[in-house]
Every structure is written in C-alpha cells, then in structure tokens.
Amino acid sequence: MSANQPQPQQRDVMFCHECENEWYRDEHGLSCPECHSDFAEVIEANNDPREDSTELEDPDPMYAPDPDEDDIDDLQWTPNPPGQPPGMRVHGTFGRTIQINRDQLRQHEESGRQGGLLGLLGDLVQNAIGGLRQDVEHQAAERIQQQREQHQIVPGDDTLWLDEINTLEARSTSEVESPPPQVQPTGPTVRHITGPGYSMTIASSSTVTGNFGDLFPRNAQQPQPVQLQPTGIDQILHQMIMNIGAAPRSGRPMRDNFHDPFGFDDLFEMFGAAATGGVLGDAVYSQEALDRIVTQLMEQHQSGNAPGPASADAIASLPKRAISKEDLDENGKADCSICMDAAEIGSEVTVLPCHHWFHFDCIKAWLSEHDTCPHCRQGIMPKDNENANQPRHSSSSRIPGAYPSSAGDSVSNPLTVPDSPTMNRPSNSTQGSSVFSRMRDAFGGSNSGNGDTDGSEQPRTREG
Amino acid sequence: MSAPLPKRIIKETERLQNEPVPGISAQPHDDNARYFDVMVEGPGGSCYEGGVFNLELFLPDDYPMCPPRIRFLTRIYHPNIDRLGRICLDVLKNNWSPALQIRTILLSIQALLGAPNPEDPLNEAVAKQWKENQSEAIETAREWTKLYAQKN
C-alpha cells in the first residue's frame with residue numbers, strides 16, 4: 001500500500017506483536033485490549049509489522065484495513081462443480097459478539113426506522129437472533145451474546161451474498177457494547193431459507209444469558225422447547241428491495257461472475273423480480289413487462305365494445321329453411337360462411353332476420369357470443385319495445401340510419417355480400433355495416449368466384 | 001396439437017395456396033398448421049411501395065369465433081402499428097366476424113398500409129409526426145421501408 005493511497009476515514013490501526021491483534025488506536029489506545037501488552041505499534045503504509053500484508057497491497061479502498069473484517073478471509077468461495085447450476089458456494093464462519101439491550105431496541109423502534117436499509121437489516125438481525133420484537137415475558141436478563149454465526153449460502157445461479165453478510169456484520173458490530181459476562185455456549189441453530197433461485201442455510205450457535213424471546217438453547221441430548229423460526233425474513237427482504245426501489249435488470253442472462261459483489265441487482269433477481277418478469281407489486285420495471293401488460297389489455301379489450309350475446313331463446317327460435325337452387329352461386333355452390341362447408345340443396349339452414357343464412361350450429365356458436373350477423377352486423381335481438389325473447393323479424397327491422405328495406409334489391413344493390421346468398425335480401429342496417437360489406441365485397445369474401453380486389457378501400461382502425 | 005384442426009382452416013389454407021392473392025402470401029408451419037408466416041407487399045403508390053413486410057399470424061383454438069392474431073415482424077413506420085408490430089385494426093378486434101377470413105384480414109392490413117389513420121393511433125409518436133409534418137413522416141416511412149422491408 002503506498003502512501004498516496006486514498007483511504008476513506010484515515011484511522012490509525014494498531015498491531016499487537018504479542019497476540020497479533022489489531023484495533024483502532026482511537027478506540028483502545030496504544031495497549032492491546034486483548035493481552036494488554038505494550039508491544040504494539042501503528043500499522044503504517046510503509047511500515048506494516050504484520051507478516052502477511054498482501055491484503056493491504058490491494059489498491060481497492062474497499063479492502064482497507066479494518067479489524068472488523070479480519071475474518072472475512074474465513075469466507076470460502078468455491079465454484080459449483082460441473083453439472084450443477086453455475087454459481088458459487090460460500091462457506092464461512094464468523095465470530096461475533098452481539099449484545100443487544102432490549103430497551104435500546106424499543107427506543108430504536110419508537111424513533112422510527114434507521115435509514116431504510118440499515119434499519120431493515122436491524123430488524124433482520126433482531127429476527128435472526130430470536131424474535132426480539134415479540135414481547136415475551138422473560139426474566140431480568142436481557143442480554144444475548146451471539147458468538148458464532150455460520151452462514152452457508154448456496155445460491156441458485158447468481159450470488160450476491162457477500163454484501164448482505166458484510167452489512168449484517170456492520171450492523172452487528174455496531175451493537176457491540178462490551179463483552180458480556182457469564183455466557184453459556186449452546187449448539188447450533190440451523191435455519192433454511194429458500195426462494196426462487198436461491199437457498200440459504202444459516203447455522204448460528206448462540207450463547208444466551210437468560211430466557212430471551214423465542215430463542216432457546218438447543219441441546220440434542222435433551223427435550224427441547226419449540227423453536228420458532230424467525231418470522232418474516234422473506235417479507236423484510238422483500239420490503240428492503242421495494243425500499244431501495246431500483247430496477248432489476250431482468251431479461252439479462254444469468255451470469256456466473258462474482259466481480260460485482262456490491263451491486264444489488266442480483267439480489268433483486270434472487271428475490272423474485274426476475275421470476276415475475278420485472279413486475280413487483282403494482283410497479284413495472286421493464287419495457288418487456290409493460291408491453292406484456294399492454295398486450296394483455298388489448299386482448300381483454302378485444303371484444304370490449306362489441307355487441308353482447310343474443311339470448312339462447314332468440315337463437316333457438318330463428319326460422320329455418322332448406323337450401324334451394326336459388327341459393328347457389330354462379331359456380332353452383334353454396335357455403336356456410338362460418339364453417340365454409342358446402343350446404344347441399346335440400347339441407348336445412350338457419351335464417352337470420354337480415355335473411356343471411358348459416359348452419360344452425362355455426363350461427364349459434366357466434367350469436368351466443370355476439371348478437372351480430374357475421375355478414376351485415378344486424379342483430380337478432382329485438383329492440384326494447386318488442387318481445388324480448390323473439391327474434392326480430394325483417395319487417396320490423398327499423399334501425400336508425402338503416403336503408404329502407406326493399407325486396408329484390410340484391411341485384412342492383414352494390415353492397416351485396418357475394419357469399420351466403422340470400423333470396424330476398426333487405427338492405428344493410430347501418431352506415432357502418434355497409435362499409436363493412438363493401439370491404440368484404442372488395443376483398444372477395446369467401447366467394448371463390450370473386451377474386452378482384454380494390455386496394456383503395458379504406459379499412460377502419462379501431463379505437464386505441 | 002391441442003384442438004383438432006377444423007375443416008375451415010384446412011380449406012382456407014388450401015385456398016391461400018391455390019388461389020394466392022397478389023402481393024400477399026401466407027404459409028403455414030409444418031409443425032403447426034395454425035401458425036402462418038405471412039408476407040405482405042407494400043401497396044403501390046404508398047410510402048411502403050417496394051417493401052416486403054413479414055408478419056406472423058396465429059389462429060387461436062376458437063377461430064373463427066375469435067380473430068386471428070397478427071403481428072408485423074418487419075419494422076414499419078406507421079401510426080397504427082406499434083413498435084412491437086401490433087396492429088390497430090377494427091376487424092382484428094371488435095369488428096371481427098366469422099365470415100372474415102385470413103385472406104380478407106391480410107387484404108385489410110395491406111389496405112391499412114395504403115391508408116394510415118393517425119386519428120386513431122396505436123403508435124402515438126408516429127401519429128403525432130404524421131399529423132404535424134406529414135411529408136416528413138411519409139419520408140421516414142419510405143426510409144424505414146428501404147431500411148427494413150427489403151427482400152432477403
């Protein structure tokens with residue numbers, strides 16, 4: 001480490017030659033707080049008494065000497081062997097002393113969250129070490145010492161747990177007051193947390209003074225009290241993600257790198273942002289997600305202002321007749337324009353009030369969804385003042401804007417529909433449907449004989 | 001395949017092959033007879049003239065009771081076609097009728113290219129440009145056609 005190395009928060013770090021302990025000079029002075037030896041000196045850039053100073057050689061200020069991080073080396077990163085999902089496996093053992101004063105915690109809660117992320121992590125720590133927030137009656141001893149925490153993290157694809165652990169530690173150490181007296185080591189507590197793309201095992205062995213919250217010493221040789229799992233870790237982490245409010249980079253291919261351990265994106269992805277396609281709650285984080293929602297809305301709106309269904313009674317009481325020679329087109333054929341099957345002479349078809357005919361099953365399927373003639377859009381349901389369950393008769397068809405009905409106009413009317421010929425076809429009902437049938441005429445309809453098209457026809461775009 | 005292929009789809013496909021519409025082709029996939037690769041030529045006289053536009057067309061299970069789903073795959077500068085190629089056309093939505101067919105729908109789309117309607121936009125930005133500076137918009141559409149909608 002060179003002297004001109006920028007270092008955030010320049011503090012003298014002391015080194016004890018007796019026990020190799022390190023501490024901040026401004027905290028514990030010149031004597032080793034562990035062994036009280038005076039054989040100590042300040043670690044300087046050009047004078048590092050430690051044997052292994054490689055860590056300080058690292059130019060990254062992230063790795064500035066910090067006594068609190070000295071067991072970071074205990075973290076072991078092992079890449080997953082071939083055949084397993086890409087990623088890393090992290091294994092580490094931390095020695096931590098956490099002492100939490102319950103009254104302080106209360107104050108902390110009353111004074112509100114401490115700085116978003118840290119505050120939430122405080123909750124996380126609280127939960128992890130035994131549900132402090134549950135007001136369980138307990139004795140006078142209100143101290144917990146958590147001596148060893150083992151984190152074993154097996155991420156699914158992508159890993160970003162170093163960050164988490166570091167922050168957790170930072171918080172933990174901030175709670176340290178002084179070494180608590182009289183503690184009893186206990187066996188490890190193992191918790192498994194799983195979710196989309198990750199799984200995590202936290203094994204923590206705690207030493208507890210007093211009966212604290214729902215954390216009990218575990219003793220495999222003895223009957224144990226019910227050990228409640230810490231509640232709400234997943235919710236807390238989710239809330240944490242929402243609090244930060246950054247956009248997850250969804251759609252990005254999963255990487256197997258680990259050189260960006262201080263970003264949060266991978267964390268977000270692990271907590272389901274990727275699984276839901278960039279959608280968290282009511283928020284949309286990616287263009288893809290927005291497009292998907294718009295498409296969905298468009299499809300839902302598809303029949304938004306289309307006419308509703310005709311009643312089953314009205315459909316059932318539509319008149320029927322047999323196909324006759326006059327129904328055949330110039331090619332000697334007559335097709336039901338819904339199924340496109342031929343209607344032979346003598347076969348029965350159902351006739352709509354507009355005189356268009358179809359197979360009963362075909363038109364029933366359509367009218368059950370939309371009360372419009374497939375050709376001219378005239379409905380079969382009567383208007384208000386007519387018998388509600390009877391299909392409308394052509395003689396009573398009076399739609400505002402309708403052309404006057406006149407028999408035999410199918411020859412001269414340029415708006416005829418070439419397929420599904422009608423014997424006695426009244427005019428089209430509305431202006432709009434005339435455009436519609438003109439279009440179909442222009443485009444040839446289903447009539448194979450009518451192949452010429454008129455590209456100048458103006459199609460209508462729909463709203464939105 | 002989930003639903004059996006209705007005779008109507010077979011008939012429509014046959015007709016599309018045997019009596020093709022000039023400037024339009026629709027070829028079903030070998031492994032999915034409901035999915036078509038569609039090619040539509042830009043109508044003559046329009047700013048899309050000379051362009052060959054690829055679309056995808058899918059016939060849902062309840063076709064013909066519901067419209068086919070169609071999307072432009074080729075990029076196109078058009079007020080009624082958005083960035084993803086979705087088309088704003090009444091007969092594809094509310095005004096669908098089972099008497100319409102693949103070929104009539106494709107003709108409608110070709111006609112839409114010849115008659116952009118910025119008053120009923122799907123692509124607001126393009127529609128705005130179309131209304132405020134039509135000649136520039138048409139020029140952009142021509143450029144895009146040259147850029148994206150050429151054969152091969």
Side-chain angles (χ1 to χ4, degrees), chain A residues 287-288 291-292 294-295 298-299 301-307 335-342 356 358 362-363 365-370 372-377 417 419-420 432-433 435-437 439-446 448 451-464, chain B residues 6-12 15 18-24 43-46 60 62 64-67 69 71 79-84 86-101 103-122 127:
Chain A
Q287 184 68 50
E288 288 77 17
D291 287 337
R292 201 158 41 244
V294 171
T295 304
M298 283 171 71
E299 279 166 11
H301 187 65
Q302 191 160 285
S303 53
N305 51 5
D335 292 344
C336 167
S337 49
I338 295 180
C339 66
M340 290 177 68
D341 272 350
H356 291 116
F358 307 89
C362 298
I363 194 63
W366 174 250
L367 290 175
S368 305
E369 292 176 32
H370 308 283
T372 57
C373 169
H375 287 304
C376 66
R377 298 198 182 281
V417 179
D419 48 340
S420 185
S433 62
V435 172
F436 175 77
S437 52
M439 251 177 75
R440 202 175 45 257
D441 275 1
F443 296 158
S446 64
S448 55
D452 56 334
T453 59
D454 181 4
S456 69
E457 190 63 57
Q458 297 249 344
R460 285 167 297 160
T461 50
R462 69 178 274 277
E463 312 75 34
Chain B
K7 247 196 255 175
R8 162 163 171 161
I9 293 181
I10 299 169
K11 284 190 179 181
E12 278 202 67
R15 269 195 65 204
N18 299 337
E19 307 159 38
V21 190
I24 291 176
S46 77
D62 38 359
M65 293 306 154
C66 69
R69 297 196 179 164
R71 194 170 75 90
N80 310 110
I81 299 164
D82 78 357
R83 205 172 45 79
L84 295 183
R86 297 177 296 205
I87 306 161
C88 179
L89 187 64
D90 63 338
V91 287
L92 287 176
K93 313 286 177 190
N94 296 340
N95 280 342
W96 168 252
S97 142
L100 293 168
Q101 302 176 17
R103 73 164 55 216
T104 53
I105 287 298
L106 294 182
L107 279 160
S108 303
I109 289 170
Q110 198 179 39
L112 182 67
L113 296 188
N117 180 4
E119 298 302 326
D120 187 12
L122 187 59

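By convention in this document, chain letters (A, B, ...) are assigned in the order of the sequence lines, proteins followed by strands, and residues within each chain are numbered from 1. The shown structure was predicted, so the numbers you read here are calculated from the model rather than taken from an experiment.
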Could you state the interatomic distance from CG (L100(B)) to CD1 (I338(A)), rounded to the nearest 0.5 Å?
11.0 Å
Identify the two heavy atoms, one from W96(B) and one from R377(A), that lie closest to each other, and give their separation to 0.1 Å.
O-NH1, 4.0 Å
Residues at least two apart in sequence or cross-chain that pass side-chain hydrogen bond (donor to acceptor under 3.5 Å, both in side chains) with E12(B), listed by chain then number, are R8(B), Y63(B)
As an exercise, state the distance from CZ of R15(B) to CE of M340(A), rounded to the nearest 0.5 Å.
5.5 Å
What is the distance from atom NE2 of H370(A) to atom OG of S97(B), rounded to the nearest 0.5 Å?
10.0 Å
Give, as side chain, backbone, both or neither, the part of C362(A) having an atom under 4.5 angstrom from any heavy atom of chain B.
backbone
With sequence neighbours excluded, residues passing salt bridge (charged side-chain N to carboxylate O under 4.0 Å, His left out) with D341(A):
K7(B), K11(B)
